[in-house]
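Below is one structure, written out as structure tokens; comments come after it.
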Amino acid sequence: MRVATWNVNSIRSRIERVIPWLQRNDVDVLAIQETKTREDQFPFFRFEEIGYEVAHHGLNQWNGVAIASRVGLSDVTAGFADAPVWGQAPVPEARHLGASCGGIRINSVYVPNGRQLLDPHMDYKVEWLARLRDAAQGWLAQGPTMVMGDWNIAPQDEDVWSMEFYADKSHVSPRERAAFAAMLDAGYVDVVRPLLPGPKVYTYWDYQQLRFQKGRGMKIDFILASPDVAGRVAAAAIDREERKGKGASDHAPVVVDVADA
DNA sequence: ATGGTTGATCCTCAA
């Protein structure tokens, strides 16, 4: 089974890339982040007409997560237990969607952007990750599980094009890295890093300042799996080609092949 | 020149 994750930065503006990409790459399950659309505007039919079921959780023009699958899609859940809410008048954000696909519990996650080290958004991000860890630890007992998406964290120095540049910025701080490490401590395995070791292996390149053309990216999109699933991962890829050209997302898709149980 | 782009929506915010 081929499983992928992709922050598409608006499903409506990216649909003409996403649909051919799914078909061309023979992908069975795709976890999508940043759909940036309400439910009623999601292009469900474009997936259904090529043989995928799709579940989406989107509340407004921000965030939004989805899962498309051609190997079954059941028991869909939006949001996890005790997920923090953002704001003075707290509103839940669409940052997590779970579904069972092909015998694996798939979780599409869009981790909050902390913005800056002392910004309230950073506290929200760290708290959100702590609650995700708690929930995800429980999922391990329930069977084969994958948690994948845009983590907005570069766990290692080699995951950014310049530590000097990021020294005082979000994504590399000890708090964020500890929050990511807690997922691994809980028992999850990063199934891509061992197969695609760095340095200079990135999944995201800022639109500004010709970052992609200059090779200045970040590795912030990860596929984590329960140990049983991790043992079945036979191959991994980051599709840099999808970052090229007009109309690209600022993130590349990340893909793994999972052998049958 | 202290920015540089992109997207959704509204004339600004988010990344």
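As the structure is a computational prediction, the values presented were derived from the model and not from experiment. Order of the sequence lines sets the chain letters (A, B, ...), proteins ahead of strands, with each chain counted from 1.
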Give me the atom names and distance for the closest heavy-atom approach of A:Arg175 to A:Met122. NH1-CG, 3.6 Å
Can you tell me the distance, in whole Å, between the CD atom of A:Glu93 and the P atom of B:dA14? 10 Å
Just say parallel, tilted or perpendicular for the rings of A:Phe44 and A:Phe42, cut-offs at 30° and 60°. tilted
Round to the nearest Å and state the distance from A:Trp62 atom CH2 to B:dT12 atom P. 14 Å
Expressed as a whole number of angstroms, how long is the span from A:Asn113:CG to B:dT6:P? 19 Å
Give a yes/no answer on whether the side chain of A:Arg12 brings an N or O atom under 4.0 Å of OP1 or OP2 in B:dG7. no
Below 4.0 angstrom, which residues in residues 204-215 of chain A have at least one non-hydrogen atom near DNA chain B? A:Tyr207, A:Gln208, A:Gln209
Starting at the 5' end of DNA chain B and moving along, which residue's nearest nucleotide shows up first, A:His251 or A:Ser10? A:Ser10
Do the side-chain N or O atoms of A:Arg14 get closer than 4.0 angstrom to the phosphate oxygens (OP1, OP2) of B:dG7? yes
Where the side chain of A:Gln61 is concerned, which of B:dA15, B:dT9, B:dG7 is the nearest nucleotide? B:dT9
Say we look at B:dA15 and B:dT9: how far apart would their P atoms be, to the nearest angstrom? 15 Å
Between atom CD in A:Glu16 and atom P in B:dG7, what is the gap in whole Å? 14 Å
A:Asn9 side-chain proximity, nearest of B:dA15, B:dA8, B:dG7: B:dG7
Separation of A:Lys36 atom NZ from B:dC13 atom P, in whole Å? 15 Å
Distance check, rounded to the nearest 0.5 Å: A:Leu140 atom CG versus A:Ser226 atom OG? 6.0 Å
What integer distance in Å separates A:Asn60:CG from B:dC13:P? 16 Å
I need the CG-C1' distance between A:Asn152 and B:dA14, as an integer number of Å. 11 Å
Both A:Glu34 and A:Thr37 contact DNA chain B. Which one's nearest nucleotide lies toward the 5' end? A:Thr37
Can you measure A:Asp119 atom CG to B:dA15 atom C1' for me and round it to whole angstrom units? 13 Å
Paired with A:Lys36, the side chain to side chain donor-acceptor pair (under 3.5 Å) test is passed by just one of A:Asn60, A:Asn63, A:Asn9, namely A:Asn9
Does a side-chain heavy-atom distance below 4.5 Å link A:Phe222 with A:Val192? no
On a whole-Å scale, what distance lies between the C1' atoms belonging to B:dC10 and B:dA14? 14 Å
Under 3.5 Å, is there a donor-acceptor pair between the A:His96 and A:Asn107 side chains? yes
If I pick the C1' atom on B:dG7 and the same atom on B:dC11, what distance separates them, to the nearest angstrom? 15 Å
What's the shortest heavy-atom distance between A:Val147 and A:Tyr188, and which atoms? CG2-CE2, 3.7 Å
